[in-house]
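Inspection log for the structure reproduced underneath, given as structure tokens.
Just so we're clear, the structure is a prediction, and the values are computed from it rather than from any experiment. Below, chains carry the letters A, B, ... as their sequence lines are ordered, and counting in each starts from 1. Because only heavy atoms are used, hydrogens play no part in the values below, and waters and symmetry mates are left out as well, while side chains stay in.
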There are 2 protein chains.
Amino acid sequence: MTPVRARPQVPPATVARLPAYLRTLDVLAAEGHLLTSSEELATRAGVQPALLRKDLSFLGTYGRRGVGYDVPHLREQIGRVLGMAVPQRLVVVGVGNLGRALAGYAGIAQRGFTLVGLVDVAPDVVGTVVAGLPVRPLEALAELVAVQGATIGVITTPPSAAQHVADLLVAAGVTGILTFAPAVLHVPDDVDVRSVDVASELQILAFHGHGRRRAVDGEGA
Amino acid sequence: MTPVRARPQVPPATVARLPAYLRTLDVLAAEGHLLTSSEELATRAGVQPALLRKDLSFLGTYGRRGVGYDVPHLREQIGRVLGMAVPQRLVVVGVGNLGRALAGYAGIAQRGFTLVGLVDVAPDVVGTVVAGLPVRPLEALAELVAVQGATIGVITTPPSAAQHVADLLVAAGVTGILTFAPAVLHVPDDVDVRSVDVASELQILAFHGHGRRRAVDGEGA
DNA sequence: TAGATTGTTAATCGATTAACAATC
DNA sequence: TAGATTGTTAATCGATTAACAATC
């Protein structure tokens, strides 16, 4: 029996920090650094050096003791682990304010993603061109995902439509869904869902701020 | 010596789930439920019943054994803990695509927040009206926060401007900052920062999807 | 060699789950 | 009372930190 080579098991908390490391390495590279240390990289990424080293240890041994990390090399390795070697292709479902903002967001392309399709249900939106792409009807979603080879679907619809759209994306074969709709989505185990809920983030901030009274420059004199 | 009544110590992981419970209670209330169980509320919110009960136990004892939870009452208690008894006031700095989308996002008002100011640096944007509010110059930020009593600042600027804007928001007295700029922000301990990085979310999805090949309806026949 | 810095181990800390006594 | 469901305890699990031996 051929033993399945175990995919190196990277803890979720570590995976969630890799994009920040990658971004920080981009900054260091742009500043001309060829070499960095766990101290510098960690501080810039906003974590403890020990945590950075532990995180990187799950990926392999890319540093040199007494020396540090080669910036371009580490950058490439983390990019590879994240699956960014091949540009990932996205479809956005829901071309309202937020969908348009995302479609026009340069940061997405800069970080290795290609927007390949826009979908909406509204007849007055379908057929218009947004960010250089024609908006397609919901019925075209499955074909769009297949033809364009999209792997990730982004949901920017009202919450009432989110589960239906998720079902369509799953049936079409995406491996990941990023949703901005405040709703719990049920998907099969082999599909990954991440959720961004702006109002929830604000409520978490409200919890911490509530009852707090901050001293401010020039006040109370 | 008067003992300071300790603020009930709610773990961060619990705080982060409270908005989802609140939202789920809203749905249950809208459906006419007056009573719910940890089983139903948890399932709808996407967590385990035991975890929901543990979370609620940090807030107080709001359920009745053998019966369940009173929907309007629990809704009110969680809202109060989150500091939503008083509507929280927001300023948005950066009126680009994303800033406009947020300004026009009804979900923010629905969940208890009031947008009280918009700020940008671009001379051709300052003075225009977006979502019913005039866009003010960056120099007006401190006064705007003070006069309007804003407690939360939202940063939707390019990453290069984010730290400077954060410094201004902190000096102006906000207690919380929500940033969409992919950059680490340094703020004093008494200010809370939450960060939403769309490209990072996509990269985390790419990690999980990478190398995965999903079976799709109608394929392989 | 001496100094620097990684990779790893062990200790600590926090979060989640499972089980059940309390009690409606 | 019998059945249901909470609130809480103890066990498990995972993440972070601190310390240091390995090694460049």
Side-chain angles (χ1 to χ4, degrees), chain A residues 6-21 24-25 28 33-75 77-78 81 184 200 204 207-208, chain B residues 6-21 24-25 28 33-75 77-78 81 184 200 204 207-208:
Chain A
R7 155 119 76 149
Q9 154 81 348
V10 186
T14 294
V15 173
R17 282 185 294 265
L18 295 180
Y21 299 156
T24 305
L25 286 165
L28 287 169
H33 294 70
L34 297 176
L35 202 63
T36 190
S37 64
S38 64
E39 170 72 30
E40 174 163 54
L41 183 50
T43 303
R44 295 219 195 193
V47 303
Q48 297 296 321
L51 183 55
L52 171 80
R53 293 199 300 275
K54 183 132 244 300
D55 282 340
L56 295 183
S57 77
F58 290 112
L59 312 186
T61 65
Y62 299 130
R64 278 175 55 198
R65 295 180 195 228
V67 179
Y69 300 91
D70 180 274
V71 171
H73 182 245
L74 184 58
R75 203 217 147 283
Q77 296 306 318
I78 295 180
V81 169
V184 173
S200 287
I204 295 165
F207 170 86
H208 288 105
Chain B
R7 156 118 76 144
Q9 153 81 347
V10 186
T14 294
V15 173
R17 283 185 293 266
L18 295 181
Y21 300 156
T24 305
L25 286 164
L28 287 168
H33 295 70
L34 296 177
L35 201 64
T36 190
S37 63
S38 64
E39 169 72 30
E40 174 163 53
L41 183 50
T43 303
R44 294 219 195 193
V47 303
Q48 296 296 322
L51 183 56
L52 170 79
R53 292 200 300 274
K54 184 133 238 310
D55 283 339
L56 295 184
S57 77
F58 291 111
L59 312 186
T61 64
Y62 299 130
R64 279 174 56 197
R65 297 182 194 226
V67 179
Y69 299 92
D70 180 276
V71 170
H73 181 247
L74 184 58
R75 201 216 148 284
Q77 296 307 318
I78 295 180
V81 169
V184 173
S200 286
I204 295 166
F207 171 86
H208 288 104

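Residues satisfying the salt bridge (Lys or Arg N to Asp or Glu O under 4.0 Å) test with A:Arg17, not counting sequence neighbours, are A:Asp55. Remark: A:His73 engages A:Tyr62 in a ring pair (Phe, Tyr, Trp, His ring centres under 6.0 Å) (not counting sequence neighbours).
Checking B:Leu35, B:Leu74, B:Thr36, B:Leu34 one by one against B:Leu28, the side-chain contact (heavy atoms from CB on, under 4.5 Å) holds for a single residue, B:Thr36.
Counting non-hydrogen atoms under 4.0 angstrom, A:Arg64 reaches the backbone sugars and phosphates but no base.
Along DNA chain D, the stretch of nucleotides lying under 4.0 Å from any heavy atom of chain B spans, 5' to 3', D:dA4 to D:dT9.
Side-chain atoms of A:Arg53 and A:Ser38 form a donor-acceptor pair, as typed in the model, at a separation below 3.5 Å.
Mapping A:Lys54 and A:Gly66 onto DNA chain C by nearest heavy atom places A:Gly66 closer to the 5' end of the strand. Both B:Leu56 and A:Thr14 lie near DNA chain D, and the one whose nearest nucleotide falls closer to the 5' end is B:Leu56.
A heavy atom closer than 4.0 Å to some atom of DNA chain D occurs in no member of residues 40-51 of chain B.
Considering only heavy atoms from C-beta on, A:Leu59 stays 4.5 Å or farther from A:Gln77 through its side chain.
Stem list for DNA chain C (at least 3 consecutive Watson-Crick or G-U pairs, distances under 3.5 Å): C:3-24 with D:3-24.
For residues 66-75 of chain A, the pairs satisfying salt bridge (Lys or Arg N to Asp or Glu O under 4.0 Å) are A:Asp26-A:Arg75, with sequence neighbours left out.
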